[in-house]
There are 2 protein chains.
Amino acid sequence: MTENTIVENRPQPRRRQPRNQTRLRQPKQTIIKDTLKIIPLGGLDEIGRNMTVIEYKDDIVIVDMGLQFPEEGMPGIDYIIPNISYLKGKEKNIRGVLITHGHYDHIGAIPHLMPKLGNPPIFTAALTRGIILKRQDDFPDAPKLEIHTVTKNDKIKLGDFEVEFFHVNHNIPDGLGLFIKTPTGSIVHTGDFKFDHSPVGDEPADISAIANIGSQNVLCLMSDSCNAEAPGYTISEKNIQENLEGIFKSAPGRIIVATFASLLTRVQQIITLSEKYGRKVAIDGYGMRMNVEIAKELGYLKIEKGTLIQPKEINNYPENRVLLMCTGAQGEGNAVLMRIANREHQSIEIQRGDSIVFSSSVVPGNERTVQSLKDILVKQGAKIYHSPFMDIHASGHGQQEDLKMMINLIKPKFFIPVHGNYYMLQLHAELAESVGIPHENIVVAGNGKIIHLTKDKIWMDKTERALTSYVMVDGLGVGDVGQIVLRDRQAMAKDGMFVIIVTIDSQNGKVKNSPDIISRGFIYMRESKELLYEVREKVKSIVHSATGDQGPINETYIKENIRDKIGQFLYNKTQRRPMVLPVVIEV
Amino acid sequence: MTENTIVENRPQPRRRQPRNQTRLRQPKQTIIKDTLKIIPLGGLDEIGRNMTVIEYKDDIVIVDMGLQFPEEGMPGIDYIIPNISYLKGKEKNIRGVLITHGHYDHIGAIPHLMPKLGNPPIFTAALTRGIILKRQDDFPDAPKLEIHTVTKNDKIKLGDFEVEFFHVNHNIPDGLGLFIKTPTGSIVHTGDFKFDHSPVGDEPADISAIANIGSQNVLCLMSDSCNAEAPGYTISEKNIQENLEGIFKSAPGRIIVATFASLLTRVQQIITLSEKYGRKVAIDGYGMRMNVEIAKELGYLKIEKGTLIQPKEINNYPENRVLLMCTGAQGEGNAVLMRIANREHQSIEIQRGDSIVFSSSVVPGNERTVQSLKDILVKQGAKIYHSPFMDIHASGHGQQEDLKMMINLIKPKFFIPVHGNYYMLQLHAELAESVGIPHENIVVAGNGKIIHLTKDKIWMDKTERALTSYVMVDGLGVGDVGQIVLRDRQAMAKDGMFVIIVTIDSQNGKVKNSPDIISRGFIYMRESKELLYEVREKVKSIVHSATGDQGPINETYIKENIRDKIGQFLYNKTQRRPMVLPVVIEV
């Protein structure tokens, strides 16, 4: 791929004076001189939003910059990105951003955050670079990124840091682990990884390189915890391919394979098998087409000439000679598989004899949607193949034995489990202890924790903590939707809203006309005339008793009264609590 | 338990005249004379809302009357009950309601539907009766139910039907299968079942009784499909108990077991183990306490004197001498475990050394919530035990080998898979075919399908279909929340709402004052002053160009203009589409 890239340091500001003065001014605070700091801004306590700051004096490198998909109770939110308040004022210290691989939970925040961080240089593998640049097309106003391609043979110097890379397996090619040398000692960050001794369209993880790093007295290992719950080893992609091959052998008609757009390993497997069994392959779904295009161009996908066809050409071939690979295995509303199920796809309609393969694990929270998608497809005549009752999907993340092997290879002094819910981090910590890392050398951190490292100690800062509250992206707004807006959305989703507009004659304090009522999501208005009549009468009487038909109009008082009394009235009648919003207009 | 109950027939109306007249009037329609009809009103295409109508001439029996929990996209809905439009006008034909067991997906619609069905007699086992009656307390206005207790030795006559019962295993005691003799032939309905040869606090399923029924030429089997995806046999509760015992042996401090309130089998296991290991048991959670009380009273739970203590007494005992059994294994917001996690529980706060057992499968859709609940508990110092990586929960539903065994025992002529998503029904149908039921003798139906049976034929009606649209329960409203209200709730959840109130002077068509804007769930208003200013100006100009400052006020036209133009303006500015609601007030 690329040649060794030696990148110049960015200009470094002069070191600040020693902190003696600070010490004098704040005698009570423990002063820790020149520790190496690791600050996870995201990715702990959660799956997604991976971003870690590594800081030594005035040098900072950042590992990954991902997004997270919204949780329940965040209706309308597109995704969440890391909070970078910690880096405010330190932008000039950022020597580089290291990206481990091309999945959105590791790259997705780049277009939003890079402009705010002074657009520091990014270092990553060729395929990841391609995917990052492609996404950047959607953000025409963002500044041009400076992305350097690195390979496993490269060494780069970033301020006081020196970084090397090693190859790991994941379910996208070009996964990189990081070996970061610092003045305090060296840190290994695994990225997302598994060991696969017989991967598909990829080299096995470079165990000898990892072992070699392990012989260099690694101070601290940060390792992927996503699969810390699962015992045993991750199944090899080779085995998956064999299981998939069984489907190719028996499928009487068309095969449709749904998976993640970014699961390029699976894409390669399916293409290889299609070529073996004489099927043309149509790829559908914007993200998947883009990724395939990039990967093909960069030589990461091996596709024979003539294998790929357009989705609209599928009907030109016999049914047992075509395969459609598409997005939508999670039941996503606008993805290809859902469009097919809803009979909204341009060229494909399910027919008896079709075999549909769901080749991805179901993301927690999507289970019901996926279930009903399968129901629709079976009803239309398809036969479904899917995990968990058939091994046709391998996780991209190492299981317990893989995780122990990584720890044993790296032999770190200190250990920080990363990338996973707290529960998984804790399990990973227990695994580390089981293979000999002393309990006190393991830190199970949370987002925003400031982890200090010296040559012989690791601890979390007790006073300082980086801000990591959610930054939500909703349409064009980044960070403008906060708890108040979300709470309102939830409240209206639950019981709807009820706006009461009362016009009061400022001359005499009397209600003019009948109060207007606008309600949505509460009850079906046309069938609730009596209730609305009662509300109007109540509102009039509330105003009447507030103004005495004469007195001055105390808007706040009237509004509060309407909100409370009508709210209670509606609750008594329906046991629902719509958001009651009174408007008083004086004319 | 109870003695044989022979129940008198309810008075039956005289048979209608033969349908020849109908035939004369509607010569085109195929007339099927006196078929046995099976109409699933719920429970197919879904998990929940189980209710089946069995009809022969003027006799109807109903099997189960359950509720279903709402799906995504149904914010605010409490639950869904079956649509009983099909039974309108036929209430007098209903000879009885047979309830297979006491879970809410089989009994939950009783308080809502029984009054509308003329309150026909219910026949069920003693424990189920107790649970139904307890729930009835929450509906003081509902008429008193007439519930007859039956046992596996009973035969009851209901019109032209004769019903016998057989014992099956499930994860609540007293599960009944039904053997319904009709003039056309006999139907077996399994209810929810598994075979457990070493159950806990229950007898093994009565295989010889089932085999005996199988020797009587069963016309049609309707069998539980919930677990048709899972290969092999269901694990025995005995094994579960052994695995749970491992936790009792090693737990250093308190044990907290969270499960469903209705999983009485698990409750018995935990109590037995607690007694063996010298732990007092506190039970917390309204539903669980109620169920335990009923089951204890009726002799379904074996509890030694002095075992049970109150939750508030827990702190009076050494930590390794107590156990708390509670609700909340699904991460439900107000259940006990969540209250403990949120440190809102009166007497229990998690401490290091606590072992928490999640002993239930996660209901699809709850995965993320459960994950974050575990995170919180681990953070507070607890150790978590849970499936799927440890067999501490057995499903209550037979797996593939159990299902095949049931078919082989009953040896039915026709087969209808019930209780499950379409996908599961289809798999169950394939299983049935694999053990020898001819393809044409299997009907994979959907809710509302009218299945006709004669002695030698089974088919689904091509013209008639029962209405099965969702009847949603929301607070006091049953069925009043429809698609329009739900759509509004979803829309407001996604992007909020935006009410614009413009007061127009009817004298001159001019806007009086500045338009009022009320918005919730869209943007944070205080930080959007400029946007609001622009909206107000735009509204004024829309009104101005509509009225020309003079002309008549066309309210509809103005409103439409505001909705469209302001909607588009807001979208351009934010890429969000709040629900824009214009109000025009003329004064």
Side-chain angles (χ1 to χ4, degrees), chain A residues 45 71-72 75-76 229-231 364-365 367-369 371-372 374-376 378-379 384 389 421-423 426 446 474-477 480-482 484-486 488-497 499 501 503 512-513 516 518 520-524 527-528 573-576 579 581 583 585 587, chain B residues 45 71-72 75-76 229-231 364-365 367-369 371-372 374-376 378-379 384 389 421-423 426 446 474-477 480-482 484-486 488-497 499 501 503 512-513 516 518 520-524 527-528 573-576 579 581 583 585 587:
Chain A
D45 280 356
E71 297 169 21
E72 275 172 64
E229 274 190 290
E367 287 79 2
R368 280 186 94 150
T369 320
Q371 185 60 263
S372 68
K374 283 184 198 164
D375 285 343
I376 299 171
V378 170
K379 242 179 243 183
I384 304 275
F389 294 115
N421 287 70
Y422 189 87
Y423 176 64
Q426 182 62 40
D474 180 359
L476 293 182
D480 68 327
V481 172
I484 295 173
V485 173
L486 273 192
D488 286 345
R489 286 184 185 177
Q490 288 163 13
M492 291 191 296
K494 196 167 170 300
D495 286 328
M497 59 85 174
V499 181
I501 302 151
T503 318
K512 282 193 93 166
N513 314 323
D516 281 295
I518 302 186
R520 291 287 187 279
F522 166 50
I523 43 171
Y524 190 52
E527 289 169 2
S528 314
K573 286 281 180 181
T574 63
Q575 286 197 14
R576 298 175 200 165
M579 189 183 278
L581 299 164
V583 182
I585 294 175
V587 288
Chain B
D45 279 357
E71 298 169 20
E72 275 173 62
E229 274 191 291
E367 287 79 1
R368 282 185 93 150
T369 320
Q371 186 59 265
S372 69
K374 285 184 197 164
D375 285 344
I376 299 170
V378 170
K379 241 179 242 182
I384 304 274
F389 294 115
N421 287 70
Y422 189 87
Y423 176 65
Q426 182 62 41
D474 180 0
L476 294 182
D480 69 326
V481 171
I484 294 175
V485 173
L486 273 191
D488 286 345
R489 286 185 185 175
Q490 289 164 11
M492 291 190 297
K494 197 169 169 299
D495 286 328
M497 59 86 176
V499 181
I501 301 152
T503 319
K512 282 194 91 166
N513 314 324
D516 280 295
I518 302 185
R520 292 286 187 280
F522 167 50
I523 45 171
Y524 190 52
E527 287 168 3
S528 314
K573 286 281 179 181
T574 63
Q575 286 196 14
R576 296 175 203 166
M579 189 183 278
L581 299 164
V583 182
I585 294 176
V587 289

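Please read all numbers here as calculations on a predicted model, not as lab measurements. In what follows, chains carry the letters A, B, and so on, assigned in the order in which the sequence lines appear, proteins first and then strands, with residues in each chain numbered from 1. As a basis for the values below, the full set of heavy atoms in this structure was taken, side chains included, without hydrogen atoms, waters or symmetry mates.
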| task | Below 4.5 Å from any heavy atom of chain B, which atoms of A:Ile585 appear? Answer side chain, backbone, both or neither. | result | side chain
| message | Suppose we screen for salt bridge (charged side-chain N to carboxylate O under 4.0 Å, His left out). Which residues come up paired with A:Asp375, at least two apart in sequence or across chains? | response | none
| field | B:Arg489 vs A:Met492, side chain to side chain contact (heavy atoms under 4.5 Å, CB included): CA-CA, chis, key distance, verdict | value | CA-CA 6 Å; B:Arg489 286 185 185 175; A:Met492 291 191 296; over 6 Å; no
| request: Return the option, out of B:Lys573, B:Lys512, B:Lys494, with the maximum number of heavy-atom pairs under 4.5 Å with chain A. | output: B:Lys494
| message | Given heavy-atom pairs under 4.5 angstrom as the criterion, report whether the side chain, backbone, both or neither of B:Ile384 touches chain A. | response | both
| field | Options A:Gln490, A:Glu367, A:Glu527, ranked by heavy-atom pairs under 4.5 Å with chain B, top entry | value | A:Glu367
| Contacting moiety of A:Ile518, where chain B heavy atoms sit under 4.5 Å | side chain
| At what distance, to the nearest 0.5 angstrom, does CD1 of A:Ile501 lie from CD1 of B:Ile501? | 4.0 Å
| said: Report which part of A:Gln426 has an atom under 4.5 Å of a heavy atom belonging to chain B: side chain, backbone, both, or neither. | reply: side chain
| Using a cut-off of under 4.5 Å for heavy-atom pairs, which of B:Ile484, B:Ile523, B:Val481 has the most such pairs with chain A? | B:Ile484
| task | Output the option from B:Gly521, B:Gly496, B:Gly482 having the highest count of non-hydrogen pairs under 4.5 Å with chain A. | result | B:Gly521
| said: Measuring from atom CG of B:Asn421 to atom CZ of A:Arg368, what distance do you get when rounded to the nearest 0.5 angstrom? | reply: 9.0 Å
| Hey, what do you get for OH (B:Tyr524) to CG (A:Asp488), rounding to the nearest 0.5 Å? | 10.0 Å
| B:Asp474 CG to A:Gln575 CD distance, which is reported to the nearest 0.5 Å | 10.0 Å
| task | List in chain and number order the residues that pass ring-ring contact (aromatic ring centres under 6.0 Å, His included) with B:Tyr422, two or more places apart in sequence or in another chain; answer none if no residue qualifies. | result | none
| query | Are any of the side-chain nitrogens in B:Asp480 or A:Arg576 under 4.0 Å away from the carboxylate oxygens of its partner? | reply | yes
| said: To the nearest 0.5 Å, what is the distance between CE on B:Met497 and CG on A:Leu581? | reply: 4.5 Å
| request: Answer with side chain, backbone, both or neither: which region of A:Met579 has an atom nearer than 4.5 Å to a non-hydrogen atom of chain B? | output: side chain
| request: Could you look at A:Asp516 and say if it's the side chain, the backbone, both or neither that has a heavy atom under 4.5 Å from chain B? | output: side chain
| said: Could you tell me if the side chain of A:Val499 sits less than 4.5 Å from the side chain of B:Val583, heavy atoms only? | reply: no
| remark: Most contact-rich option vs chain A, by heavy-atom pairs under 4.5 angstrom, among B:Gly475, B:Gly76, B:Gly446, is B:Gly76
| task | Examine whether an atom of A:Arg520 lies under 4.5 Å from a heavy atom of chain B, and if so say whether it belongs to the side chain, the backbone or both; otherwise answer neither. | result | both
| task | Tell me, for B:Thr503 versus chain A, whether the close heavy atoms (under 4.5 Å) come from the side chain, the backbone, both or neither. | result | side chain
